Amino acid sequence: MASHDDKGVKRSNMDDNDQDSKRIKRAENGDAAPEKYNPYLAHLNEDGNGNGTNGDFESPLDAFERHKTTAVQAAQAEDSELNPWTGQPHSQRYFDILKVRRDLPVHKQRQEFLDMYHNTQILVFVGETGSGKTTQIPQYVLYDELPHTNGKLIACTQPRRVAAMSVAQRVANELDVELGQEVGYSIRFENRTGPKTMLKYMTDGQLLRESMHDHDMSRYSCIILDEAHERTLATDILMALLKQIAARRSDLKIIVMSATLDAQKFQSYFYNAPLLAVPGRTHPVEIFYTPEPERDYLEAAVRTVLQIHATEPEGDILLFLTGEEEIEDACRRISLEVDDMIRESDAGPMKVYPLYGTLPPAHQQRIFEKAPEPLRKGGRPGRKVIVSTNIAETSLTIDGIVYVVDPGFSKQKIYNPRSRVESLLVSPISKASAQQRAGRAGRTRPGKCFRLYTEKAFKKELIEQTYPEILRSNLANTVLELKKLGVEDLVHFDLMDPPAPETMMRALEELNYLACLDDDGELTRLGGLASEFPLDPALAVMLISSPEFYCSNEILSIVSLLSVPSIWVRPNNARKRADEMKMQFAHPDGDHLTLLNAYHAYKGAETNGDDMKRWCHEHFLSYRHLSSADNVRAQLKRIMETHDISLVSTPFQDKNYYTNIRRALLAGFFMQVAMRESSNSKVYKTVKDDQLVMIHPSTSVTSPYDWVVYNEFVLTTKQYVRTVTNIRPEWLLEIAPVYYDLDTFEKGEIKSALTRITDKVKRRQAIKGSGSAR
DNA sequence: GAGCACTGC
């Protein structure tokens with residue numbers, strides 16, 4: 001990100017300078033001059049991409065006054081022959097889309113929106129699905145902010161990349177401009193904006209990253225936070241930051257957009273900002289509850305789907321379950337039962353589709369296939385049922401769903417600051433989630449939602465909103481970001497839902513041990529550097545320290561591989577072969593080293609000119625995740641280069657090649673170390689936390705030493721440490737002397753083991769010393 | 001001898 005961000009900063013300065021000179025010129029000519037005072041339009045003549053447009057055109061916008069425009073004025077400009085932003089003739093498609101846009105619920109309230117926008121700095125906007133807020137509001141702002149007059153951009157954030165990309169494309173079409181020109185988007189790995197860009201869709205995390213180098217967000221005149229009700233970590237931090245920035249920058253406007261449920265909360269958080277609500281456009285959904293609680297929700301879910309198929313009219317079904325295994329199981333059971341139904345009672349055909357995030361994209365696409373035809377002419381209609389995780393609640397919308405089956409559970413991340421463990425737990429959903437799920441049935445016509453819990457449970461037991469991410473996460477990364485963002489006082493940083501003090505303390509403690517924060521809580525040089533990387537602090541510190549261990553190239557690869565989903569593919573019907581393939585890459589001393597071997601093999605085959613998709617398939621490796629790791633690696637490498645972190649390797653023939661890497665792992669992960677309970681035991685105890693753990697069975701470590709460093713702690717049926725590598729305990733005292741300071745170490749087996757080792761090392765050194773003296 | 005809800009930088 002460093003390189004293109006640098007460009008971004010330079011560019012915006014250029015624009016500003018450009019703008020200044022134009023502004024002066026404009027002042028000389030007086031306000032009426034319709035001359036080309038538009039820095040964006042000026043490029044049309046220069047860069048050769050302007051299709052020969054003449055920048056000297058009379059735009060209806062010339063008569064507009066910033067923050068004083070009306071809906072009528074804007075509509076007239078939109079109706080004109082020539083595009084007011086580019087001077088190009090409007091296409092027929094433009095007018096076709098314009099007609100549709102004017103039919104959106106939000107359109108009726110354009111003037112009302114402008115009146116409010118003109119009179120406030122912060123505005124809360126509430127619009128349900130189908131209101132058109134994501135595409136229209138930024139355009140209404142565009143016609144009022146007139147970015148060509150001050151060179152500042154309008155930003156609209158989204159929690160997900162796909163949304164930022166697809167909405168930007170849609171709005172570019174609506175404005176009849178080319179994507180990446182006047183309208184663009186910016187997401188990790190892809191910046192499709194240019195010197196002419198006025199409206200920029202971006203991920204919330206991307207705006208947060210940007211603001212680390214521009215604390216006032218000075219490039220923007222208006223920032224729109226969309227889908228704020230989702231309460232992502234990035235959105236929560238942005239809201240608190242924007243509250244502060246708004247006090248410093250009276251010229252910055254902020255719009256917070258949300259679905260209805262929590263609107264008042266946003267309003268009061270932003271000093272009782274005015275609120276505008278626009279109805280959505282959805283069909284009614286009838287809700288059914290079970291009279292009695294269900295003992296086995298999976299069984300009940302399968303039964304309900306079959307019952308819908310047998311008794312309800314045509315229409316597709318969406319069933320929400322919690323995870324891959326459960327979904328595959330349910331799909332099998334439904335398919336079997338439907339076969340029986342067809343044989344026994346002449347039911348229509350039903351196609352069953354699983355849907356979850358780790359499913360390859362090509363398989364995900366299958367859910368959009370049409371429902372099957374009746375088995376014979378005039379037979380009972382066919383339908384499809386999609387069995388999905390929460391991914392269908394927000395990320396993916398499927399048209400044609402008429403029936404939703406909601407057992408009321410989802411897997412949620414929870415964080416326990418005491419044990420410092422993040423884990424996934426099947427938990428009851430919130431009322432807001434239940435409503436969102438039900439809404440999925442009413443997108444194309446009136447639908448039905450079957451809740452597999454009682455109405456009483458819905459009212460009394462479900463919480464209103466899912467807890468925001470900030471309350472469910474390890475905040476080490478966030479605290480580091482905030483320090484870099486210049487937030488001095490974390491305790492009084494005005495977050496909408498402040499996390500537990502213990503979570504904050506844990507994060508500060510962790511960053512202090514990593515030497516990212518000093519004892520006064522101030523950002524150190526290392527901390528500043530670590531915050532430049534889009535990584536967890538431990539990974540960043542490991543990467544920054546790796547040149548000292550002569551293996552930064554290798555650690556860079558390992559860090560990238562640890563930053564993407566698992567590269568190992570293990571299909572249910574070929575587990576044994578997959579495990580055998582993995583053995584080819586296995587390094588006896590560590591899973592980190594095994595990952596590295598697989599990556600090197602991958603790069604080798606690539607250089608060989610092999611068909612990489614095929615190669616990966618043959619070797620049971622995920623092409624998707626390996627190429628994504630490659631992408632991450634390139635980004636991290638750029639950041640290392642900009643900060644003069646050298647890329648070095650120990651020669652592969654050197655006997656210390658792997659030892660150096662194993663030692664470097666400890667530079668970041670010295671807090672994630674476990675010691676074997678006794679020499680024959682399979683049980684390990686984690687350092688300082690004293691958790692009893694086993695090594696995850698997926699490991700390739702054949703003969704575990706008494707000490708291992710681990711990448712993650714997973715809590716499932718048992719407590720496991722996953723991705724482990726053998727280490728020598730004396731390295732700990734050498735590489736992390738503060739954390740392993742025996743004077744402050746709590747009494748126990750680990751302390752005594754470490755004490756024995758120190759003594760041994762001392763003795764050895766004494767012998768060596770006396771030996772050389774002789 | 002297990003199993004990755006979902007995002008994001």
Side-chain angles (χ1 to χ4, degrees), chain A residues 1-2 5 157-164 186-191 202-213 227 230-238 320-329 355-359 388-396 409-414 422-427 429 433 436 466 468-470 472-473 477-478 480-481 484-485 530-537 539-540 563-572 575-576 578-579 622 625 628 631-632 635-636 639 682 694-699 712 714-723:
Chain A
M1 76 150 286
D5 236 26
T157 68
Q158 298 293 321
R160 283 169 290 280
R161 288 186 207 158
V162 266
S186 175
I187 59 177
R188 188 183 185 183
F189 305 128
E190 201 182 357
N191 182 5
M202 62 204 302
T203 45
D204 47 11
Q206 185 75 23
L207 180 60
L208 195 58
R209 277 267 140 199
E210 262 188 23
S211 59
M212 294 194 350
H213 295 281
E227 315 289 359
E230 286 194 28
R231 303 291 308 277
T232 65
L233 243 168
T235 291
D236 268 16
I237 294 165
L238 283 172
F320 284 101
L321 291 176
T322 65
E324 174 176 345
E325 203 179 295
E326 201 176 81
I327 287 170
E328 294 290 357
D329 184 22
L355 176 64
Y356 42 86
T358 47
L359 205 63
S388 171
T389 61
N390 254 3
I391 194 170
E393 198 179 298
T394 47
S395 306
L396 261 166
F409 293 96
S410 72
K411 273 191 193 168
Q412 287 169 32
K413 184 176 75 181
I414 51 163
E422 274 183 353
S423 49
L424 283 174
L425 201 72
V426 174
S427 330
I429 60 171
S433 250
Q436 179 75 19
T466 310
E469 201 184 355
I470 199 165
R472 297 185 283 121
S473 311
N477 207 359
T478 304
L480 185 65
E481 271 172 5
K484 177 70 177 180
L485 284 160
S531 71
E532 296 286 334
F533 291 89
L535 293 170
D536 275 338
L539 284 168
S563 305
V564 297
S566 172
I567 61 166
W568 310 109
V569 176
R570 201 163 181 261
N572 277 334
R575 286 186 192 174
K576 214 172 147 218
D579 290 347
S622 159
H625 298 149
S628 142
N631 232 339
V632 173
Q635 187 192 26
L636 299 176
I639 301 174
K682 288 191 167 177
M694 311 248 293
I695 293 180
H696 197 274
S698 64
T699 189
E712 60 180 341
V714 285
L715 179 67
T716 51
T717 44
K718 292 193 189 101
Q719 300 199 105
Y720 290 106
V721 285
R722 191 158 51 191
T723 314

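Just so it is clear: chains get the letters A, B, ... in the order the sequence lines come, proteins before strands, and each one is counted from 1. Everything numeric here is computed off the predicted structure, so don't read it as measured data.
- Using a 4.0 Å heavy-atom criterion, one finds that A:P565 contacts no nucleic acid atom at all.
- The residue among A:N390 and A:K718 whose nearest nucleotide of DNA chain B lies closer to the 5′ end is A:K718.
- Among the protein residues, A:R231 comes within range of no part of the nucleic acid, since none of its heavy atoms lies under 4.0 Å from any strand.
- Formation of a donor-acceptor pair under 3.5 Å by the A:S211 side chain with backbone atoms of A:L208 is found in this model.
- Within the structure, a side-chain polar atom (N or O) of A:R722 is placed less than 4.0 Å from OP1 or OP2 of B:dC4.
- Remark: P of B:dC9 and CZ of A:F189 are 8 Å apart, rounded to the nearest angstrom.
- Every side chain to side chain donor-acceptor pair (under 3.5 Å) that A:S473 has, sequence neighbours left out, goes to A:K413.
- Inspection of the A:Y356 and A:E326 side chains reveals no N or O donor paired with an N or O acceptor under 3.5 Å.
- Within 4.0 Å of A:Y720, counting heavy atoms only, lie sugar-phosphate atoms of the nucleic acid but no base atom.
- Comparing B:dG1, B:dC9, B:dA5 by their closest approach to the side chain of A:R472 singles out B:dA5.
- Here B:dG1 is the nucleotide among B:dC4, B:dG1, B:dG8 with the atom lying nearest to any side-chain atom of A:D579.
- Distances from the side chain of A:I391 to the nucleotides B:dT7, B:dC9, B:dG1 place B:dT7 closest.
- Closest approach of A:V632 and A:S563 over heavy atoms only: CG1-CB, 4.4 Å.
- When each of B:dC9, B:dA2, B:dT7 is scored by its nearest atom to the side-chain atoms of A:H696, the top-ranked nucleotide is B:dA2.
- Under the 4.5 Å side-chain criterion, counting only non-hydrogen atoms from C-beta, A:E469 is not in contact with A:E230.
- No engagement by A:T394 is indicated, since no non-hydrogen atom pair under 4.0 Å with the nucleic acid exists.
- The CD-C1' distance, from A:E230 to B:dA5, rounds to 14 Å in whole Å.
- Between the CG atom of A:L359 and the P atom of B:dA5 there is a distance of 11 Å, rounded to whole Å.
- Between A:L207 atom CG and B:dC9 atom P the separation is 12 Å, expressed in whole Å.
- An OP1 or OP2 oxygen of B:dC4 is reached within less than 4.0 angstrom by no side-chain nitrogen or oxygen of A:R570.
- Spacing between atom CH2 of A:W568 and atom P of B:dG1 amounts to 21 Å, rounded to whole angstrom units.
- Among the protein residues, A:Q412 comes within range of no part of the nucleic acid, since none of its heavy atoms lies under 4.0 Å from any strand.
- When the nucleotides B:dC4, B:dC9, B:dA5 are ranked by their closest atom to the side chain of A:S566, B:dC4 comes out on top.
- Between the C1' atom of B:dC4 and the CD1 atom of A:I327 lies a distance of 12 Å, rounded to the nearest Å.
- Proximity of A:K413 to the phosphate of B:dC4: no side-chain N or O atom is located under 4.0 Å from OP1 or OP2.
- Take A:T203 and apply the side-chain contact (heavy atoms from CB on, under 4.5 Å) test, not counting sequence neighbours, and it matches A:R161, A:I187, A:Q206.
- A:T232 comes within 4.0 angstrom of no nucleic acid atom, judged by non-hydrogen atoms across all strands.
- Per the geometry, CG belonging to A:L715 stands 14 Å off C1' belonging to B:dC4, to the nearest Å.
- Atom CD in A:E190 sits about 13 Å away from atom P in B:dG8, given to the nearest Å.
- Proximity note for A:E324 (side chain, C-beta onward) versus B:dT7, B:dG8, B:dA5: the nearest is B:dA5.
- Scanning atom types as modelled, no donor and acceptor separated by under 3.5 angstrom connect the side chain of A:T358 and the base of B:dC4.
- In this structure, A:T203 reaches the sugar-phosphate backbone alone: every heavy-atom distance under 4.0 Å involves primed, P, OP1 or OP2 atoms, never a base.
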